[in-house]
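Have a look at the structure below, then the notes.
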Amino acid sequence: MATEQAPSGLERELERMLEIEKFEPPAGFRAEALWSDPAIYEEAGSDPEGWWLARAKELLDWETEPAQSLNDSNPPFYKWFEDGRLNASYNCLDRHVEAGRGDRIAYHWRGEEGERRDITYAELLDQTQRFANALKGLGVEKGDVVGIYLPMIPEVAVAMLACARIGAVHNVVFGGFSAESVRERMEFSEAKALVTVDGARRKGKTAPIKETVDEHLGDLDSLATIVVVRATGIECPMQDGRDVFFDEACAAADPTCPAEPMEAEHPLFILYTSGSTAKPKGILHTTGGYLTGATTTHRYVFDLKPEQDVYWCAADVGWVTGHSYIVYGPLANGATSVMWEGAPDYPHQGIWWELIEDYRATILYAAPTAIRTFIKWGEQIPAKYDLSSLRLLGSVGEPINPKAWLWYHKVIGGERCPVVDTWWQTETGAIMITPLPGITETKPGSATRPFPGISGEVVSEREGEPVSEGQGLLVLERPWPSMLRTLYKEDDRFIETYFQKFGDGRYLAGDAARRDSDGYFWVIGRIDDVVNVSGHRLSTAEVESAIVAHENVAEAAVIGQSDEQTGQAICAFVTLAGSTEPSEALQEEIRAEVAERIGKFARPKRIVWADDLPKTRSGKIMRRLLRDIAEGRALGDVTTLKDPAVMAELEGKIAAEEADGGG
Ligand code: WTA
């Protein structure tokens, strides 16, 4: 937008700041920080198992305290705190209420149209107990899987905690996924019940949800119950004997439901995430280790002081960031959080900053893609609000480019707030590589170093030797409490995906990274066929299979292309069937097909019509070459191609598209 204008004062200043190599923790911050002594790294590193056991006892209430830390007798199926017993919902709710903190606000919820709901810990406990009883009444038992498909409303936390209270395993599906994706995830996990809504609001519009759920999941045998939260009040079909309204079920339920102590290794949740194939992976997390990881990192990475802070993680509960840093971490720590229902630009582009000003928020945790969007909208928007309450900023989900880091630091943080760039994954359960805000000197764009008690390395693809210069594969070298325990019902795939390459002792993250002369980690991005669009994880195979579902498509190859705003964007090379002619309308139909099967956020930004796709002699599509031409790079080795002419033709297409002014 601003390309033809002279650089603004801010831009010039950011350019200057790019020269600064390291940012010290602000002195005032360090003086007050929970952790300010770097000795913590040695303390944890010299005995990680003992150190994690101590954190588990420091931050959680156990019905039976564990004596055991790691059990590695059956690698890579590691277990933690196995002889301990605890309940996650007790740790998130009861213990705060019992300690007299029931009146503390758990969530300042704000609806899209400005509705306010301040929910205290006591209220959250009451609703959770009622809903837990309602679930029991509906036949849900310990170990059963319960699907949750809800927008950003407080009931999502209630539903998750109610499951945890009775030992049911929740399986949350991000509200942006289509009903078809929900079906697949419910089918794979054999969910017994699903909690959803009548309709969902987005930027002033209401979409029917329950109706679509019925269309796609109506015939699923395992699904005995659908609970419907009346979020919008729109009409929705209810099936006798299967469907109940959330409010009615809660009102009819007994208000007391004691939290049932669980074995530490009792499954807490499954969360499906994209892998290299079209079939999503069901990441399984268990109770004690997961809660220890989420609570410890939430406390010390964000330097959380529960009595003073107002914390806001602007992710969606449907992703792991929401699980660990909107629900479990913050509630276990007794934090007060902001929960925002809507988009960053509705009702206006300053809504985030308005919320921060209103609630005097002190900590903000957001994705780089959001920050880049705010940069595009201009610094004059946040400048209208009082952001002086902020004292710490976090980033998650994708690499943050140094310019965005500096803008965040300067424009939002007023140069007083440490920025924590946190690297982790659905699989790791909790933050793994991150600065400690009162200790670490940060470098824009680097997640710095592993959290105490975690050990990471960058190794060469072939020998698995540490790489001192240039890029390699990111691995975690020791088990950690919040690691995934397996892929739900797919133990072999679990081993193959994460431990086949380098053995049971090294977890393969699937990311490329490099380390600099200070040993800092710079995460580059995925090495597998996973694309990261606005911090949303998608597999290229998943998108391809949605595209080829269109009747006129013969073949498709999907790649992630770098995109200034969303980090990566989906680019699809599509070969049409028979005599079908390419057209704009067909592009829209293909996008609609992807929206229907996966969700709107997976729609290809760019579609390139291809008469043929580059393949090896054995018929494998060479995505590397497609990435090269999409990015306008010189082509690498094409000698293994079955038909090199295919590439020349595609290159010609891309050149014509560019001459046309883009897609
Ligand atoms: C990427 C999200 C660079 C990475 C918590 C990882 C990051 C994938 C960062 C996991 C970061 C996450 N810097 N890349 N700070 N954080 N990633 O499972 O590629 O949705 O493998 O978990 O996001 O995505 P997931």
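Note that the structure is predicted; figures quoted are calculated from it, not measured. In listed order, ligands and their atoms are each counted from 1.
Note on ring orientation: taking the six-membered ring where Trp is involved, the planes of Phe601 and Phe177 are perpendicular (angle over 60°, cut-offs 30° and 60°). Note on ring orientation: taking the six-membered ring where Trp is involved, the planes of Phe374 and Trp353 are perpendicular (angle over 60°, cut-offs 30° and 60°).
Within the cation-pi definition used here (under 6.0 Å to the ring centroid, within 45° of the axis), Lys443 qualifies as a partner of Tyr520.
When ring centroids are compared, Phe451 and Trp424 stay outside the 6.0 Å threshold.
Listed as neighbours of ligand 1 are Val320, Thr321, Val396, Gly397, Glu398, Pro399, Asp421, Thr422, Trp423, Trp424, Gln425, Thr426, Asp511, Val523, Arg526, Asn532, Arg537, each bearing a heavy atom under 4.0 Å from the ligand.
Legend: residues meeting ring-ring contact (aromatic ring centres under 6.0 Å, His included) with Tyr290, ordered by chain and number and at least two apart, are Phe269, His285, Tyr328.
Remark: Lys281 engages Glu427 in a salt bridge, criterion side-chain N to carboxylate O under 4.0 Å.
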